[in-house]
There are 4 protein chains.
Amino acid sequence: MRQKDENKREAIYQSALELITTEGLTGASMAKIAKKAHVSPATIYIYFENKEDMLNKLYLMIKGELSDYIFRDYHNDLSITEGMKLYMKSLFHFMVSHPFHLSFHEQFYNSPVIKQEVKEEAMAGYTPLFNLYEQSYREGLVKIPLLELAGVYLTSPIMDLAKLHRSGAIEVNEEVLNEALEMSLRAIMG
Amino acid sequence: MRQKDENKREAIYQSALELITTEGLTGASMAKIAKKAHVSPATIYIYFENKEDMLNKLYLMIKGELSDYIFRDYHNDLSITEGMKLYMKSLFHFMVSHPFHLSFHEQFYNSPVIKQEVKEEAMAGYTPLFNLYEQSYREGLVKIPLLELAGVYLTSPIMDLAKLHRSGAIEVNEEVLNEALEMSLRAIMG
Amino acid sequence: MRQKDENKREAIYQSALELITTEGLTGASMAKIAKKAHVSPATIYIYFENKEDMLNKLYLMIKGELSDYIFRDYHNDLSITEGMKLYMKSLFHFMVSHPFHLSFHEQFYNSPVIKQEVKEEAMAGYTPLFNLYEQSYREGLVKIPLLELAGVYLTSPIMDLAKLHRSGAIEVNEEVLNEALEMSLRAIMG
Amino acid sequence: MRQKDENKREAIYQSALELITTEGLTGASMAKIAKKAHVSPATIYIYFENKEDMLNKLYLMIKGELSDYIFRDYHNDLSITEGMKLYMKSLFHFMVSHPFHLSFHEQFYNSPVIKQEVKEEAMAGYTPLFNLYEQSYREGLVKIPLLELAGVYLTSPIMDLAKLHRSGAIEVNEEVLNEALEMSLRAIMG
DNA sequence: CATGAATGAGCCTTCATTCAT
DNA sequence: AATGAATGAAGGCTCATTCAT
């Protein structure tokens, strides 16, 4: 018996990702994904239960790639300031250098297609950062007690800047990005 | 000759809005929208050219309602601080009290379905605020020269807080909201 | 009470005729016909019972115009040879100078849309010619007893030549036409 | 993997053919054709690109069956007289014994649905006859130099006689048919 | 495991026709 | 008489999924 071919799974992921970002969810039919991946439609159902399952797993994979990227240079000796800056910088550079991931993220972050539990599972990768933040709050280094509120100011503006950069509306160079980092830090640290 | 019935147009808008937010764009078929609006599918095509046209006009209407709401209490004597606070507060309360609009906005803000020109048309409602900001920058009252960057810190966190509130992840009461307003002001005003 | 406006009926006929010939029966919807005639779809139903009725009456009108044209120069002193030549020449020139009528005729001559009784009614205009032929047969001037068989050789080749001429496949000038007339006469008169 | 089932393709052809002849092009919807062929509408699109493609291929198939039939008994030793008679007789008998083909032919011979290139491709089957005719003209055996003109007198009257026979307007028995053959030969050979 | 064939349900849109003014 | 609004049915076609090899 042959084994499941990870190249095929990967080709399906990649084809789905590209089609969704170029043609939107509506234009990404299973038939088109299959054709782009040089695979039969039926083959997709060997690797995934159905379309919803495929999209959720794709979401998880992309979120995993993102957290891998962010934690590449992370280590436990980072100060809270360094940690937050590293997070924001990595998030921005990842999104700018992975336009498909950015598009996918914006289409699915609020989509009813992605199940709640999957979103939560994707959050698990960020535990070290959460721990660092809460430790820092107890030490009085940051001003905002509510983790989620701080998280919003670390994430939302960065994502939106990446989108603005991609669309060409403004050029977010290192200078602008650094200004944004300072703004977020100001917001959170007082 | 019968007159066009504006109640019908309104019913179509409302049905589309609700279906999109509950079932996503994919699930909001013209047939379902028609049925929910107690109207024939063919009738939709009297009011709109096609589905894309309907969605764009719906987008425009919703954006209009939002800017109407935001500028309800706006007047030209507001200070920049007051102006920014009013904008953020109105944005938050509108979104929290109009859950369909919030869902619609998050599904379409980055969707390729909405045409660029329509997005730009929707921005036109905010000119007074833009002018106030740029005037304030020239007077040294705000720190960030880039209007778009300031706009990001005024908008993105508020939208995301509204989503977090709706989802139940955190309860964004007046206290939390006020804290967020201060965070944004700190970010922008230094 | 207003009277039915013959200009409107005429405009409807003309629009239907043109649409059918340019876009085929499938493309000639009542809505398109109405728009082209600068009339409401509902107005068409004042002048005609339904689409089928309209098409049948259009068929009758066109056939009438054709027989009017053919019998313009007809008179009772014509010899059988002259009569047949006049018929064929008129048929050819009418079709070549009325391309819409030609197209319409070829689409509807064998269509199940046109009712049998209507086709028969349209034949009534040709009685003088039929009488002349049968009289001539009794006098031994023509060889073929079967009127329908003679009719076929007078009509089918001429219609097909008109189509070939219109399509540009061959140029049917007076010389070629005259040769065709002789061929038909040879066939019929021996 | 399943193989394409040629019985299905054949069933689709047959159903389309019958529906078109009984209900006309307008009445022959893809859904009706599918149902008559005991096949899903989607299946038709496995065998054909779209409706237009299906009709063109059906046209080609029918024209092929016709030329196969006509050239069944054809051989290179036939005289021009024999060749023309064989052609006309075969054409007539094929049409009379294949009423669906006759109906289809008359509806599509002049239809804009059939593409020019397809019509030309269908003509290719008759080359031997064309060659024979032109050879005979050079030998002085036939009087008409224009191949298309001769072709018209060999084809149009026969087709129309088949239609008259089918409709019951006249009974075209062997005697009548033979008379027609003589008429066409007289027309062409002088 | 892998496939192309096959499918019923559903897609968006337009149809011929009628309604209400 | 004339109209634009309104409609249920149907149009061609594609969908996510399963079948049979």
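Lettering of chains follows the sequences in order, A, B, ..., and the numbering in each one begins at 1.
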Quiz item: Does atom NZ of B:Lys4 have more than 12 heavy-atom neighbours, drawn from other residues, nucleotides or ligands, at distances under 6.0 Å?
Solution: yes

Exercise. Work out which heavy atom in C:His101 is nearest to a heavy atom in C:Ile62; give both atom names and the distance.
Key: CD2-CG2, 3.5 Å

Quiz prompt | Value in whole Å for how far the P atom of F:dG11 lies from OH of B:Tyr45 | solution = 17 Å

Quiz prompt | Toward the 5' end of DNA chain F, by each residue's nearest nucleotide, D:Ala28 or B:Lys4 | solution = B:Lys4

Quiz prompt | D:Phe100/D:Phe104 aromatic ring centres below 6.0 Å | solution = no

Self-check item: ring-ring contact (aromatic ring centres under 6.0 Å, His included), paired with D:Tyr13, selected from D:Phe48, D:Tyr59, D:Tyr47
Solution: D:Phe48

Quiz item: Taking atom C1' of F:dA16 as reference, at what distance in whole Å does atom CE of A:Met54 sit?
Solution: 11 Å

Self-check item: Side chain of D:Lys32 - closest among F:dG11, E:dC15, E:dT17
Solution: F:dG11

Self-check item: Interatomic distance, A:Phe48 CZ vs F:dA16 C1' [rounded to whole Å]
Solution: 15 Å

Quiz item: Atom CD of B:Glu23 and atom C1' of E:dG10: how far apart are they, to the nearest Å?
Solution: 13 Å

Quiz item: Considering every strand shown, what is the Watson-Crick or G-U wobble mate of E:dT21 when both distances are under 3.5 Å?
Solution: F:dA2

Exercise. Would you indicate, yes or no, if F:dA2 has its OP1 or OP2 atom less than 4.0 angstrom from a side-chain nitrogen or oxygen of C:Tyr47?
Key: yes

Self-check item: Closest-nucleotide 5' rank along DNA chain F - winner of D:Lys51 and C:Ile46
Solution: C:Ile46

Quiz item: What nucleotide, of F:dG8, E:dT7, E:dT3, holds the atom closest to the side chain of D:Val39?
Solution: E:dT7

Quiz prompt | Between P of E:dA5 and CG of D:Asp5, the distance in whole Å | solution = 11 Å

Quiz item: Does C:Ser29 have a side-chain nitrogen or oxygen under 4.0 Å from the phosphate oxygens OP1 or OP2 of E:dC15?
Solution: yes

Quiz item: For E:dC11, which nucleotide in any strand shown is its Watson-Crick or wobble partner with both distances under 3.5 Å?
Solution: F:dG12

Quiz item: Tell me: CD of C:Glu52 to P of E:dC15, nearest whole Å?
Solution: 19 Å

Quiz item: Want to settle it: does D:His38 or B:Gly27 sit nearer the 5' end of DNA chain E, counting the closest nucleotide to each?
Solution: D:His38

Quiz item: Between F:dC13, F:dG4, E:dT18, which one does the side chain of C:Ser40 approach most closely?
Solution: F:dG4

Exercise. In whole angstrom, give the distance that lies between atom CD1 of A:Ile33 and atom C1' of F:dT17.
Key: 13 Å

Quiz prompt | Separation of F:dA2 C1' from C:Ile12 CD1 (nearest whole Å) | solution = 11 Å

Practice problem: Evaluate the ring planes of A:Tyr109 and A:His105, with Trp represented by its six-membered ring, and classify them as parallel (under 30°), tilted (30 to 60°) or perpendicular (over 60°). | Solution: parallel

Practice problem: Look at D:Lys8 and E:dA6 and indicate whether a side-chain polar atom (N or O) is within less than 4.0 Å of OP1 or OP2. | Solution: yes

Practice problem: Could you check which of F:dC15, E:dC12, E:dG4 has an atom nearest any side-chain atom of B:Met30? | Solution: E:dC12

